[in-house]
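In what follows, a single structure is set out as structure tokens and then discussed.
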2 protein chains.
Amino acid sequence: MVTISDVARCAGVSPVTVSRVVNRSGYVSEKTRQKVEKAIKELGYIPSAMARGLRLNRTYTFALILPDITNPFWTTVARGVEDAAQQREYSILLYNVDEDMHKQERALETVLSQQVDGVLIAPHDGLVSHLQPLRMRSVPTVIVDRRLNEVVPDWPVDIVRGDSISGAKALTTHLISLGHRKIAMVSGDERTTTAQDRVMGYRIALQEAGISCDENLIVYGEFRVSAGVEMTNHLMERGINFSAIFAGNNAIGMGVVRELIRRGIRIPEEIALVFYDDYANASEYFPFFTVVTQNAYQIGRTAAELLISRATGEHSEPREFILPSRLVTRYSCGSMLDDHHQSLLSLPIVNPKDLKEVVWEVPLLLPYPA
Amino acid sequence: MVTISDVARCAGVSPVTVSRVVNRSGYVSEKTRQKVEKAIKELGYIPSAMARGLRLNRTYTFALILPDITNPFWTTVARGVEDAAQQREYSILLYNVDEDMHKQERALETVLSQQVDGVLIAPHDGLVSHLQPLRMRSVPTVIVDRRLNEVVPDWPVDIVRGDSISGAKALTTHLISLGHRKIAMVSGDERTTTAQDRVMGYRIALQEAGISCDENLIVYGEFRVSAGVEMTNHLMERGINFSAIFAGNNAIGMGVVRELIRRGIRIPEEIALVFYDDYANASEYFPFFTVVTQNAYQIGRTAAELLISRATGEHSEPREFILPSRLVTRYSCGSMLDDHHQSLLSLPIVNPKDLKEVVWEVPLLLPYPA
DNA sequence: TTGTATGCGTTATCAC
DNA sequence: GTGATAACGCATACAA
């Protein structure tokens, strides 16, 4: 390996001078600079980020801890994070933790040993205790698309997320406005704050519509396609009566679709369906369900930028960004469509030319009482 | 920050002893081990991976350089890589390079400075010169889902990929067997070896069927949805005559679908469509096109395991793994379906219960002449 | 403008 | 069994 000393020897100067040239710090005469640069090129010298990091206590690396890099929502978040990081010369260490607390703990431990400059994490639950390692060592942290269940006055975490409560309320209200009264909520893991918020939004919508909430209609599982299949199956097997399904996230929604299709149940004629978050634009190709979409790319980008700003000391007080969501309905959107489009409801697939795409900016309903 | 010396002081031993306890190396008496372990716990000591890396010249980190972490194929590869790495306590540095040679170069430079133990890369093109930095510093390297255009006797790179030639040949033959003679090839960037191989397989299939290849039917673009839209548009605008489209990858395929739907062209009645690689199981939900799928997860997993094996010196001679692909056809697969299923062709969407799913292991056709 | 000395946190080597 | 010493590659404080 070519080190700074090799370059120094080759250029006939001291290592410090090479360092100064590389980092553009301190005074270096034009002549020596050129000598040094020539030597660097000749030897193909590349500074060791590790040695530099050890010395400076800065690695220009962030950790990105996600539940599932296979889910289009999270990959788009990751893409936003990566773009912002790359632009500012930061690298990203990726950890996939599967909504598994054990894996999350291991990832956190590893991350601490790596001395990253910051952590972007979608924590499995809202307990601060599970992020304790980050807090103790005051690692700059941004929480992505989720939130904490507690207020932590002495730990300045930033949060970038959508407003799941208002999004879920919008979806539920949409279904109610179409005449649905029995709406099944097929949710993800109850411990995640997004699952909590989406169920909360669902309850609020029902309450405001004067519909009593049947607890049998609320099912918790995992944020995965297979869980969507299983939960749908479970509901059908138990013979529970409902005319619409609210899928707690995009993967669950795809599972619901799969199971309903398998059973030969037509969407939305027999059972209507709404998703939280689209699934790689599935709603565009398969426009028989309605989605609330968050701008995942922007969430990722904003989170990374915020982390850079915190890591470089540009801000220190905690910040929370709540990005807007949109309700997108392309079909079965009776309450929003005119008669002509209503009549399309009986068709299983519609030529998009005949479709009116309705996009509705979901108003933020914050703050909510605890 | 708590260092090894702090622990040593707290336990009343020397740093070396602490190191021995942490790494289970050398002899340590049971009594001191307990003292040290108590001190570690009390102080919350976490070894610095950086300092250790500097000393050992090993980071337990791999770089994963991908074209597009938003594409379900690559995310599944990434997932396989991550799983294998996590299992062996390796971390993954993720770089997204967008089939952009400039970004790839920057990523490589960064990666070298990080002193990763190995690199997993889907190189933009097959030129060894563009991987020169890795070769010069003999960084253990595995090429993922692509290959090199040159033979490099003195650089032992491993390769894990599918056989795009045979896969593309199978897809093309499938179309030919359905009666198609004018098949448009909507390919990705001509510089990537997968694009080259898939066009090659397409040509071979035509040739074997005695169909002359109309060069106007071959279009090159990017491996993205938007490019799929544009290329389809381009073909239609130029009034070129064809009855089927071969999409060079999954994203392009989704673009083709989007544009055909937009134009109100029915798939496959008016234009048949095949994809290379599925798109998040799109073919399952939307079973009117045929795909060749690679086991992306296995590709990623195998690649990571291979890299671990090389990084730990378990093997040194170059290896190439060619994983099998499958042709999956669920609809419009006239030549493979019986009359009943043939009759389904006129329906735009079919209840999967009525569908015969045909999965065909694509035989490897290697080796091919250069 | 350049160089010397020092230390970042760790572990291999050798001595006791 | 345990400890002192040196070195990994770099950048800072200080001296020249």
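So you know, we letter chains A, B, ... as the sequences are listed, proteins then strands, and number each from 1. On a predicted model such as this, the values are computed, not experimentally measured, just so you know.
Side-chain contact, A:T59 with A:Q114: no donor N or O sits under 3.5 Å from an acceptor N or O.
Not one N or O on the side chain of A:D189 forms a donor-acceptor pair closer than 3.5 Å with the backbone of A:E222. Using a distance-only test at 3.5 Å, with no hydrogens or angles considered, a donor-acceptor pair links the side chain of A:E150 to the main chain of A:V128.
When each of A:R191, A:Q104, A:H130 is paired with A:D125, the side-chain hydrogen bond (donor to acceptor under 3.5 Å, both in side chains) condition holds for A:H130 and for no other.
Nearer to the 5' terminus of DNA chain D, by closest-nucleotide assignment, is the contact made by B:T17 (compared with the other of B:T17 and A:A51).
As rounded to whole Å, 11 Å separates atom C1' of C:dT4 from atom CZ of A:R20. Atom CE of B:M1 is separated from atom P of C:dG7 by 18 Å (rounded to the nearest Å). Straight-line distance from the CZ atom of B:R24 to the C1' atom of C:dA12: 19 Å, rounded to whole Å. In this structure, CZ of A:R33 is placed 10 Å from P of C:dT2, rounded to the nearest angstrom. With rounding to whole Å, B:N23 atom CG is found 10 Å from C:dT10 atom P. One interatomic measurement links the two molecules: CZ of A:R9 to P of D:dG9, which rounds to 11 Å at whole-angstrom precision. Rounding to whole angstrom units, CD1 of residue A:I4 and C1' of C:dG3 are separated by 13 Å. Look at CZ on A:R55: it is 16 Å from C1' on D:dA7, rounded to the nearest Å.
Taking every side-chain heavy atom of B:S29 into account, D:dG1 is the closest of C:dT11, D:dG1, D:dA11. Taking every side-chain heavy atom of B:L54 into account, D:dG9 is the closest of D:dC10, C:dT1, D:dG9. Side-chain proximity of A:L56 to D:dT12, C:dG3, C:dA12: nearest is D:dT12.
Here the shortest heavy-atom pairing between A:D98 and B:R79 reads OD2-NH2, 2.8 Å.
Not one side-chain nitrogen or oxygen of B:T3 sits closer than 4.0 Å to the OP1 or OP2 atom of C:dG9. When the side-chain nitrogen and oxygen atoms of B:S48 are compared with OP1 and OP2 of C:dG9, none of them lie within a distance under 4.0 Å. Here B:S14 does not reach the OP1 or OP2 of D:dA4: none of its side-chain N or O atoms lies under 4.0 Å away. Applying the 4.0 Å criterion to OP1 and OP2 of D:dC10, one finds that A:Y45 has a side-chain N or O inside that range.
Residue A:T32 is classed as a sugar-phosphate contact, given heavy-atom separations below 4.0 Å to backbone atoms only. Heavy atoms of A:P47 sit under 4.0 angstrom from primed sugar atoms or phosphate atoms, though from no base atom. Within the 4.0 angstrom heavy-atom criterion, only backbone atoms of the sugar-phosphate kind lie near B:V28; the bases stay farther away. Among the heavy atoms of the strands, none lies under 4.0 Å from B:N57. Nucleic acid contact class of A:M50 (heavy atoms, under 4.0 Å, all strands): none. Nucleic acid contact for B:R52: sugar-phosphate only, since backbone atoms but no base atoms lie under 4.0 Å from a heavy atom of the residue.
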Discussion item. Checking B:R310 against B:E317 for the salt bridge (charged side-chain N to carboxylate O under 4.0 Å, His left out) test, could you report, in this order, the C-alpha distance in whole Å, the side-chain angles of both residues, the deciding distance, and whether it holds?
Written reply: CA-CA 9 Å; B:R310 177 175 292 285; B:E317 75 296 354; over 6 Å; no
